[in-house]
Amino acid sequence: MEKSYDPKQVETRWYRTWSERGYFHASTAAEGRPYVIVIPPPNITGSLHMGHALNNTIQDILVRWRRMQGLNALWVPGTDHAGIATQNVVEKQLLAEGSSRDKLGRDRFVQRVWDWKAQSGGTIIEQLKRLGSSCDWDRLRFTMDDGLSKAVREVFVRLHEDGLIYRGKRLINWCPRCLTALSDIEVEHEDTTGKLYHIRYPLADDPSTHLTVATTRPETMLGDTAVAVHPEDPRYNRLIGKSVALPLTTRRIPIVGDPILVDREFGTGAVKITPAHDFNDFEAGERHQLSRISILDRHACFDPLGLQEAAVIEELRGKIIMLPTAEARTIIVDYLRQQGLLAKVEDHAMALGKCYRCKTVVEPYLSPQWFVKIQPLADPAIKAVESGQVRLIPEQWTNNYLGWMRDIKDWCISRQIWWGHQIPAWYCRNCNAEAILETTVPKSLTITSEARPIVARTAPAHCPDCGQHDFVRDPDVLDTWFSSALWPFSTLGWPDHTPELKKFYPTSTLVTGFDILFFWVARMIMLGLKFMGQAPFQDVYIHALVRDAEGQKMSKSKGNVIDPLQVMDKYGTDALRFTLAAMASPGRDIKLSEERIEGYRNFANKLWNAARFVLMNLEGPLAEAPLADRPIADRWIMSRLHRCIGDVNRSLEAYRFDEAANAAYHFIWHEYCDWYLELTKPALADKDSQQAALTRTTLGESFETVLRLLHPLMPFITEEIWQAIPHTGESIMVAPYPSQNTALIDEDIEHQIASVTSVVSAARNIRGSQGIAPSRALHAAVATPTAACKAALTAHQDLIASLARISTLVIDTDVRPYMNGASASVVFPGGSVGILYVDLTGLIDVGKEKTRIEKRLKELAAQMEQDDKKLSNPDFVAKVPPDVLKKTKARHEECRAEHDKLSGELQRLRETAGGSA
RNA sequence: GGGCGGAUAGCUCAGUUGGUUAGAGCGCUGCCUUUACACGGCAGAGGUCACAGGUUCGACCCCUGUUCCGCCUACCA
């Protein structure tokens, strides 16, 4: 075995072996209670980032742990077609080739995306394998597979049949770059400083007076259909029922009273109402039966027809036609200013909505879309969480979830893109001639909200109304999250009654980030309850976001991404996995740093070298004996090991991966390696002794157990070592997970060894402070506080002597200090304190000690001189921050104290040296 | 505006159903080439647990308020 662990070849070799031997596969016929996790399907456009690494490490820990516990563990893998994201990627490629999706046409474009998927869509899967993910790859699914597509259609049709899906012309969030509708949660809000424009609207009856409105979007005023004031506002309420002449148009619009829309304190207390371009105004428009004038087109540019409908004055119309809003705004504001209608412009903090895929500012846009009526689905999903049927971990997310669900809005599920599940709705051309608008250049199809769709699993043969069979299919596709919402049952074969569905639904645990709690988790619960009658999972473990060392969200544009693949190359997969697990404390983001990973790489190496020690010492006969008859160190380590086993299992049970990792780390490094391996050395010294044979047995057994305990966290290195030491079974992956045997926990023995280590540490402390080389043996005595302590130490005198290198050791309740000696206190379990005395006679190398002290005195003098200079400088004292001054003074005092002490010691040394020489 | 989380050693973070001396990793200091490991060993320094009150025999922990930092959410046009 090499001196250090080399992960590379180990990882690929074992992953291949596990895979070939079928360990990842879970059979419906297998015995054992099922334990099931469905993967949050990564986008096919994705490449493994730290978020994936964390998410999948946690899932793999759970699955490996449960599998070793004997459960029928299934981890269903798959990928998501990621509608807009994937379409964007392929469109970018086309652009680079000088082509576009319009040039290609729908069918060829979709084929192109499939080609892209065949070529690049599997990258992330291979990367998940690098991470050691023990997914059942035989069950790999894709959200646009035939089976899953069938499930999507089935759900759509059934929801439609139940009246839970409808089509309507509504105001939705529109991305003018992606040219599609977005759901509310696909809009990200970003704080910006905008302007609040105060605009005078002259009263229709009396143009000399006016009502001033405040708006952040002056350009949409052309689409105003009313002005609202508060009905109880004495400034304005007498105007309700009158009208204003809408500037820049030839229209008159009414003044209405609306206590919901208007906040008297804000702006001027008068609000323009633009129902086609603002969500609040849309609702206000409904309340007052106002018409909606849509003045923007799908690119968020001024639309000729809309401007005409809005009766915009000819002169302005010519200037802003087809212009984007930002440019038109300047022109419109100029016009208002010229006409003396711009009363004031002030800065105003506001949140701008942006497309979560491309960061373009979204536009509220009036268009026909498909919606899911969500309330009837949300109610049971609320109850499922309230009742504890579904448990969110950490619990704090429960309130977030409930709050959102209780205030949920209908879900806009149609997207005007091509890559995705096309909506299973058809329109009879004959019956909907007026409502189907087709243009050839560019080729586009608009179906107005008046059209009557026929929703069906497959294309209808005849129109039920007219009997003809000339149909056009709804061009829209479904929101990507619609198919993900079915993931826990669609992947298991639904709507067919498969054995998988019967055996593995509902699943056990969902592991996910909080960023998709609403996008995904909530919708899975709703649709799982609706179609399976059971929530799709019991536990939802919600992990943190992985950030960089400064706490910034990792992003390519910031250039602060730590690439998990590079980390795995450099430090090994096990080190990365262990780091992520150890840092996954609940309710807190993970600030990942390379140093931390390096630290756990060192841990892997420590384990590796412990293995070398074990292997080296396993040569020789073994002896079987009950634990009670084995050496004390063996009984001690088994006791400690089983405490650790209990801790790790309990932690995993509670999803405390950080605690599990830390318990294992601390035990292995600081108990097993630091103490146990050292304690075995005296016993193993005489290879042929019975004691050595017994110790070898424990050494092998305990180490083998340690590896199994650690396997879910560090799968590769544990397998590699396990195969090299005595074991039963063909792979650690399918070996039983250690379970705590409380009979092996022996508090008395733990106390005995704690006493031993306490004395040893005290002796080392004295060596350290007195500068006594480890090679020099000591004469020492321990004054024990009680007879029991004395007995415990006396029984293990040989261990103490060997670990602390003490040649003569006196242990008694009453011992006297040495004439020329040093002492240190020894704390016994329970808190009683004894004293260790060490005889220093002849141990201190006077020359060396003198040099050491002189060197240190020089350092101190230099420091003191520097500080003196500072402190005697009035400028320094006056201007420096108080804490710095305080620190400087404190340091100065410390230096002086140490200097005095060392000077005294040096003096004494000189005297004694002089006397003896 | 509402909600949630955080503030503990130089840095990154654990922690406590309230109980002797608050822990870890990294970093730092000193010693050690002792055949498992220098990706190591041993020893050590370093903390008024954000601030101010309160409850309690006792508070890092519970309560109230304040400040700062994150995030989520929201129609102040």
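If you're wondering where the values come from, they're calculated on a predicted model, not measured in any experiment. Chain letters run A, B, ... following the sequence lines, proteins first, then strands; residues in each count from 1.
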- Item | Residues in contact with RNA chain B, drawn from residues 605-620 of chain A - heavy-atom cutoff 4.0 Å | A:Asn605, A:Lys606, A:Asn609, A:Ala610, A:Arg612, A:Phe613, A:Met616

- Query: Which residues within residues 662-675 of chain A lie with some heavy atom under 4.0 Å of an atom in RNA chain B?
  - Reply: A:Tyr665, A:Trp669, A:His670, A:Cys673, A:Asp674

- Note on the structure: A:Arg656 has its side chain closest, among B:U21, B:G15, B:G40, to B:G15

- Which nucleotide, B:A77, B:A43, B:A14, lies nearest any side-chain atom of A:Ser761? B:A43

- Is the closest basic N to carboxylate O distance between A:Asp6 and A:Lys8 below 4.0 Å? no

- Message: If the threshold is 4.0 Å, N to carboxylate O, is there a salt bridge linking A:Arg601 and A:Glu594?
- Response: no

- Indicate whether OP1 or OP2 belonging to B:U73 is found under 4.0 Å from a side-chain N or O atom of A:His189. no

- A:Asp647 (side chain) donor-acceptor with A:Ala663 (main chain) under 3.5 angstrom: no

For [N], the Watson-Crick or wobble partner whose two distances fall under 3.5 Å:
N	answer
B:A77	none
B:C42	B:G30
B:C4	B:G70

- In whole angstroms, the gap separating C1' of B:U73 from CG of A:Leu517 amounts to 13 Å

Please state the [atom1] separation for the pair [N] and [M] - nearest whole angstrom.
N	M	atom1	value
B:U55	B:C61	P	15 Å
B:C32	B:U16	P	41 Å
B:A24	B:G19	C1'	23 Å

